[in-house]
Number of protein chains: 2
Amino acid sequence: MDVDDIDRGIVVALQRDARATFAEIGAEVNLSAPAVKRRVDRLLASGAIRGFTAVVDPVALGWSTEAYVEVSYSGVVSPRRLTEDFSGVPEAVSAWTVSGVPDAVVQVQTRDVRHLEEVLQRIRGLPDVTGTQTEIVLSRLFRRTQD
Amino acid sequence: MDVDDIDRGIVVALQRDARATFAEIGAEVNLSAPAVKRRVDRLLASGAIRGFTAVVDPVALGWSTEAYVEVSYSGVVSPRRLTEDFSGVPEAVSAWTVSGVPDAVVQVQTRDVRHLEEVLQRIRGLPDVTGTQTEIVLSRLFRRTQD
DNA sequence: CATGAAAATGTAGCCCA
DNA sequence: TGGGCTACATTTTCATG
C-alpha cells in the first residue's frame, strides 16, 4: 500500500484535530468529504492510522506525576515478554526497548510520588528484573502531537 | 473546576476513540448525548482535554526512526529557554526536564538514522549545550493512549 | 472521485428536578 | 446547577454516474 501526499495531508489534519469533519479535512486537501472518508478508512485498515485519542492534561485530572523508568533484566528477554510484563501495569502509558544500557523504558503516569513508588515496587517485583532507574518529569516543555 | 467520575469516564472513552459519537459515549457513562457534549465542551474549555489527535504509525508513513535524546547544558537554563531551543527543531515531538543527570530529554522522530544524526548535530550546535546521549527506540512495545 | 439523497449525528433552546 | 427532551442544522454514508 502506498501513502501519497494527500494521505499525509489528511494525517496531519487529523493529528491537529481528530474530531474534524471530513468536509473540513477535504477543504485542506482539496477533496470531497466522501473521498476523504474513503482514504481515512483505508489508512485505518492499513494500520497507518492506529486510532484517535483525546490529548489530556493529566494534572487537571489529578494525575500529576509522570516518570520514565529504565528497567534492567537479567539475561535476554523477548519483546513479547516485555509487552506482557508491562501491559500488566495499568499506570504504564507506553513502553519500548532501546539501544543502550537498560533493556526497556516504561513511561508511567501516577497520581503522586507515593503512587509512583508503589508502581516502581511492582515493576521491581517482576520476574528477572534486576533494577530500575527513574527520571521524574519536572516540567513538560511542549508536546507536538501525541507525545 | 472539579472533575468527577463521569468526566473521567468520558475522558477514558475519548482516549480510546476520539471520534466516538456523543451518543456512544453517553451510553457508557449513562448520560444523554447533549449532556455529554456539554461536559466535553467544559473539559475542553478548562484545558483538562487539550485536543484530539490521530495516533499514527510513523513506520507506515515513512518515519521509522525514533529516539530519546538526553541533553546536557553548561550552567542553569530556564524551562522557557529550553522550550524555545527545542521548538526550533521540527523533528522534536516532545521535550521535558527531568530529575537526574541530563537537563532535558527530547523525543525525536526521524526518517532514518542518517536523518537522526543530522538532528543530533543541530541539537549539539545549540548555545551552551555540552553534550547529548541518545537512546534509539528498537521496538515500541505498546502505547496505551498517547505516548 | 464527484454528486445527491437518506439516515445519523451535532447543536441549541427550553423545561424540569 | 446540571440533565433530559425536542427540533433544526450539519454531517455521515451510500448509491450512482
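Order of the sequence lines sets the chain letters (A, B, ...), proteins ahead of strands, with each chain counted from 1.
Axis angle across the helix from C/dC1-D/dG17 to C/dA17-D/dT1, with five pairs used at each end and values rounded to 10°: 30°.
Among the candidates B/R38, B/R39, B/K37, the single residue satisfying the side chain to side chain donor-acceptor pair (under 3.5 Å) test with B/D41 is B/K37.
Between A/F86 and A/Y73, the ring planes are perpendicular. Angles over 60° get that label, and only those under 30° would be called parallel.
Among residues two or more places apart in sequence or in another chain, the side chain to side chain contact (heavy atoms under 4.5 Å, CB included) test is passed with A/A67 by A/V108, A/L116, A/T134, A/I136.
Here the side chain of A/S94 pairs no donor or acceptor atom with the backbone of A/Q107 at under 3.5 angstrom. The main-chain N or O of A/S72 is found under 3.5 Å from a side-chain atom of A/T130 such that the two form a donor-acceptor pair.
Between B/R42 and the phosphate of D/dG2, there is no side-chain N or O to OP1/OP2 separation shorter than 4.0 Å.
For the pair A/R19 and B/F22, the distance from NZ or CZ to the six-membered ring centre is under 6.0 Å and the angle to the ring normal is within 45 degrees.
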Contact pattern, 5' to 3', of nucleotides 11-17 of chain D - B, S or - by protein heavy atom under 4.0 Å: SSBB---
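Interatomic distance, OG1 of A/T132 versus CZ of A/R124, reported as 4.0 Å (0.5 Å rounding).
Ion pair B/E118/B/R114 not flagged as a salt bridge, since none of the NZ, NE, NH1 or NH2 atoms sits closer than 4.0 Å to an Asp/Glu carboxylate oxygen.
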